[in-house]
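A, B, ... follow the sequence lines: proteins, then strands. Residue 1 opens every chain.
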2 protein chains.
Amino acid sequence: MTPLEMKRRKLRGGGNKITPQRIAILKAIDGIHSQFTPQELHRKLSAEHPEIGLVTVYRTLKLLAKSGLVCLMGNIGRSQSYARGPQQHHHHLICAGCDMVVDIPTCGLDELEKRLAHETGFTISRHHLEFTGLCRNCQAVSAGGLV
Amino acid sequence: MTPLEMKRRKLRGGGNKITPQRIAILKAIDGIHSQFTPQELHRKLSAEHPEIGLVTVYRTLKLLAKSGLVCLMGNIGRSQSYARGPQQHHHHLICAGCDMVVDIPTCGLDELEKRLAHETGFTISRHHLEFTGLCRNCQAVSAGGLV
DNA sequence: ATCCAGTTGAAAAGGATTTTCAACTACAGA
DNA sequence: TCTGTAGTTGAAAATCCTTTTCAACTGGAT
């Protein structure tokens, strides 16, 4: 079963229909390797699928996130930010220069989380960790005085 | 020197003027012990200072954040979220039920940060860590079937 | 082949934030 | 104390992102 088939199946399982728009959106997302906003995805789509409206992109991303097929990462400025891949435990290293995103699979926060829960009486259900800095490329660029 | 005087001095130092609006806003912020949005602050202000416009609140918060007198925490839904106190190294434990915010002064991420920098070639300038869960109160409420 | 619940695109509405602009004012210097 | 001016203000308008509404359309079960 191809990855796309798996995704179709997962969508169908939730009682949703498989439409040409949704397939086009799923395919487009597969080709994006950094975080993206609904607007950016729509821009990317419009080359091959000018008939797909921005509203549909918003709706579909929301649906895909609910179905676990894309990952809602939070807000960049005013915009929602999504990323390819399922919602799972991972964190991000983000370049302030070029917006590149690197996933961080481990964080070692379990200990801290347990301690906090104990000390505060909270039930902690999730955490979010984000590092910001400059990637090698952008360091070079800013060292050259271009920024 | 009172805390307020210190803040006035800090503002003046940046070449900014001390206006009645800014003083009222600084005082109001001192009375808020959880995170707040510009809109919430404006609502709170409007009782005593109906003449202060929402736009001024937005502008002043931006100025205060730049001057290090309040702390811009990120976005809650679509809204910016601020908190009393200077921007410094601390993180948050947030209750999903009542929005209460608890500061976490330590995080022990220096090691991970160093390792990441080494492995990826990034220059890491800051990180953001956030735990979400339910405080004792809200656990009780949801256990009672009210949520 | 038929039917209907789910889906679509366009336009309008909604909500947060920023910009514009003319009037006002804090305060440095005379 | 007075004056000039750069910074500040509030209201309205503009902007930007996102959601809602609605009539037309369609996937897929029967």
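- In this structure, B:H42 places its NE2 atom 13 Å from P of C:dT17, rounding to the nearest Å.
- One interatomic measurement links the two molecules: CZ of B:R8 to P of C:dA26, which rounds to 11 Å at whole-angstrom precision.
- At a threshold of 4.0 angstrom between heavy atoms, the contacts of B:P50 with the nucleic acid are absent.
- Using a 4.5 Å heavy-atom threshold, the side chains of B:Q39 and B:L54 count as touching.
- Residue B:G53 is the one, among A:R12 and B:G53, whose nearest nucleotide of DNA chain D lies closer to the 5' end (criterion: closest heavy atom).
- Here the P atom of nucleotide C:dT8 and the CD1 atom of A:I52 are 9 Å apart, to the nearest Å.
- Atoms CD1 (B:I23) and P (C:dT25) sit 15 Å apart, rounded to a whole Å.
- Phosphate contact (OP1/OP2 of D:dT9, side-chain N/O of B:T19, threshold under 4.0 Å): present.
- What separates NE2 of A:H49 from C1' of C:dT8 is a distance of 15 Å, to the nearest Å.
- Nucleotide D:dA24 holds its C1' atom 16 Å from the CD atom of A:E51, rounded to whole Å.
- Position along DNA chain C of the nearest nucleotide to A:V55 versus B:N16 favours A:V55 as the more 5'-ward residue.
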Evaluate the criterion side chain to side chain donor-acceptor pair (under 3.5 Å) for residue pair A:H127 and B:E130; output intermediate values, then yes/no.
-> CA-CA 5 Å; A:H127 64 249; B:E130 213 174 85; over 6 Å; no

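- Mapping A:L54 and B:R59 onto DNA chain C via the closest heavy atom, the residue that lands nearer the 5' end is A:L54.
- OP1 and OP2 of D:dT19 both lie 4.0 Å or more from every side-chain N or O belonging to A:Y58.
- Between the NZ atom of A:K62 and the P atom of D:dT20 there is a distance of 6 Å, rounded to whole Å.
- The existence of a salt bridge linking B:K7 and B:D30 is confirmed by a sub-4.0 Å separation between a basic side-chain nitrogen and an acidic carboxylate oxygen.
- Ion pairing between A:R115 and A:E119 holds under the 4.0 Å rule for side-chain N and carboxylate O.
- Side-chain nitrogen and oxygen atoms of B:R78 include none within less than 4.0 Å of the OP1 or OP2 phosphate oxygen of C:dT17.
- Rounding to whole angstrom units, NZ of residue A:K17 and C1' of C:dG6 are separated by 4 Å.
- Remark: B:K62 pairs with no residue by the side chain to side chain contact (heavy atoms under 4.5 Å, CB included) rule, at least two apart or across chains.
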